[in-house]
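So that the names make sense, note that chain A is the first sequence line, chain B the second, and so on, each numbered from 1.
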Protein chains: 2
Amino acid sequence: MSSQYTFTGEFSFSIDSKNRINIPSSLRKQFLKNDNKTFVITRGIDECAWIYPMNEWKKIQKELNNLSSMSKKNRIFLRNHLRHANILKYDSQGRFVLPNSLIDYTKISKDVTIIGVLNKIEIWNPKILRKSDEKDQIDDPSYEQLSERVNI
Amino acid sequence: MSSQYTFTGEFSFSIDSKNRINIPSSLRKQFLKNDNKTFVITRGIDECAWIYPMNEWKKIQKELNNLSSMSKKNRIFLRNHLRHANILKYDSQGRFVLPNSLIDYTKISKDVTIIGVLNKIEIWNPKILRKSDEKDQIDDPSYEQLSERVNI
DNA sequence: TAATGTAAGTGGTTAATAGTGGGTTAAAAT
DNA sequence: ATTTTAACCCACTATTAACCACTTACATTA
């Protein structure tokens, strides 16, 4: 279940008039040859977008494939996770076009904060990120549980 | 049971005066040579239509054959899925004619939402889809179980 | 430390493709 | 025979993707 990608770090970028965002080259370098510059970008659980390199996404896909559409619960789960998943490529300059649906969801307009989180890359509106930081940081009891499971 | 097709994403289209609907080119590109632009469209379990590329449909037929007709549930399922299954081709522009029976079933009139769900493509009336979203989305605790099994 | 070279980030232009609309002919159906 | 339906073709427009170019930052080396 561990990933071959170990994205880390935070970066400040901007989105241009054609809704293009640059993937920081240091993160891009971790992409594999057979990712073929391709990745999946989708809604994060928070108000951000998540990027998975193609090889990482394939793992997720495999698990989704095991869910039968005969069950209603599964149908809804599958639909809701796949409908927001966009398969994209970055161009020769390392940029991709952020789909409109994700512009709306992330509320990104000019500035963009990009964060490497191990197997995925997060794309944020810095203002939303700051708000989210303030809200979540403060004594959320679930952190306790996490810190028992995750050894940092 | 995993599929060679991995349809994803959501698309907004319209149906024209001749009841033609365009299959998004990014999904069409996944069709194989020997699908020969041919697919099966049938009633979805929800209020939408399901499209299976020909090669995928053949697999499904095999599975349906294995369902015993002894149980009432199976008989009903088989009947509902086979009787409404239309074999169609899309034209050189990537469009197909949505059969009247499915226009009635999906209640599609002008706008169409198309969603890729791995091995199939769903065709929705956006209004019906929205209603379905609202009804089903709301904190179903069983999602928690799913998201523990599926690592996203 | 100044100079130089390389790579990274940003901006814009052009060419190709996708989506949509409609017409024409051939094949069914009434 | 007449009307419908279906396959095929052509055309327009808007969007997207590929390409080229500039500038800034960083790193290396004299």
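- Just one residue in the list B:Leu129, B:Asn125, B:Ile128 forms a side-chain contact (heavy atoms from CB on, under 4.5 Å) with B:Thr113, and that residue is B:Leu129.
- Every pair passing side chain to side chain donor-acceptor pair (under 3.5 Å) that includes a residue from residues 10-23 of chain B is listed here, sequence neighbours excluded: A:Arg83-B:Glu10, B:Asp16-B:Arg20, B:Asn22-B:Arg28.
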Provide a list of protein-nucleic acid N or O atom pairs under 3.5 angstrom, restricted to nucleotides 4-8 of chain C.
residue : atom : partner : partner atom : Å
C:dA8   : OP1  : A:Ser25 : OG           : 3.4
C:dA8   : OP1  : A:Lys29 : NZ           : 3.2

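- No side-chain donor-acceptor contact under 3.5 Å links A:Ser26 to the backbone of A:Pro24.
- For the 3.5 Å distance criterion, the side chains of A:Asn55 and A:Asn34 qualify, holding a donor opposite an acceptor.
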Working for side chain to side chain donor-acceptor pair (under 3.5 Å), residues A:Ser69 and B:Lys120: CA-CA 10 Å; A:Ser69 282; B:Lys120 59 172 153 312; 2.9 Å; yes
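- Taking the ring centroids of B:Tyr90 and B:Phe31, they lie under the 6.0 Å cut-off.
- The distance from atom CZ of B:Phe11 to atom C1' of C:dT20 is 17 Å, rounded to the nearest whole Å.
- The nearest whole Å value for the distance from the CZ atom in A:Phe96 to the C1' atom in D:dT16 is 16 Å.
- The separation between A:Asp16 atom CG and D:dA17 atom P is 14 Å, rounded to whole Å.
- Residue B:Ser17 is out of contact with every strand shown, counting any heavy-atom pair closer than 4.0 Å.
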Steps toward side chain to side chain contact (heavy atoms under 4.5 Å, CB included) verdict (B:Ile108, B:Leu98): CA-CA 10 Å; B:Ile108 283 174; B:Leu98 187 64; 4.1 Å; yes
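- Among residues at least two apart or in separate chains, side chain to side chain donor-acceptor pair (under 3.5 Å) pairs with a member in residues 97-110 of chain A are A:Glu47-A:Lys107.
- When the C1' atoms of four end pairs are superposed on the next four at each end of the helix from C:dT1-D:dA30 to C:dT30-D:dA1, using five pairs per end, the two resulting axes differ in direction by 30°, to 10°.
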All N/O contacts under 3.5 Å from nucleotides 4-11 of chain D to the protein, with atom names and distances to one decimal?
residue : atom : partner : partner atom : Å
D:dC9   : N4   : B:Gln93 : NE2          : 3.1
D:dC9   : N4   : B:Arg95 : NH2          : 3.4
D:dC10  : N4   : B:Gln93 : NE2          : 2.6

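- A salt bridge (charged side-chain N to carboxylate O under 4.0 Å, His left out) check over residues 29-41 of chain A, counting only residues at least two apart or in different chains, returns nothing.
- The ring of A:Phe39 has its center closer than 6.0 angstrom to the ring center of A:Phe96.
- When the P atom of C:dG19 is taken as reference, atom OH of B:Tyr90 falls 12 Å away, rounded to whole Å.
- With hydrogens and angles ignored, the 3.5 Å screen pairs no side-chain donor or acceptor of A:Asn74 with any backbone N or O of A:Leu67.
- A:Leu88 places its CG atom 15 Å from the C1' atom of D:dT15, with the value rounded to the nearest Å.
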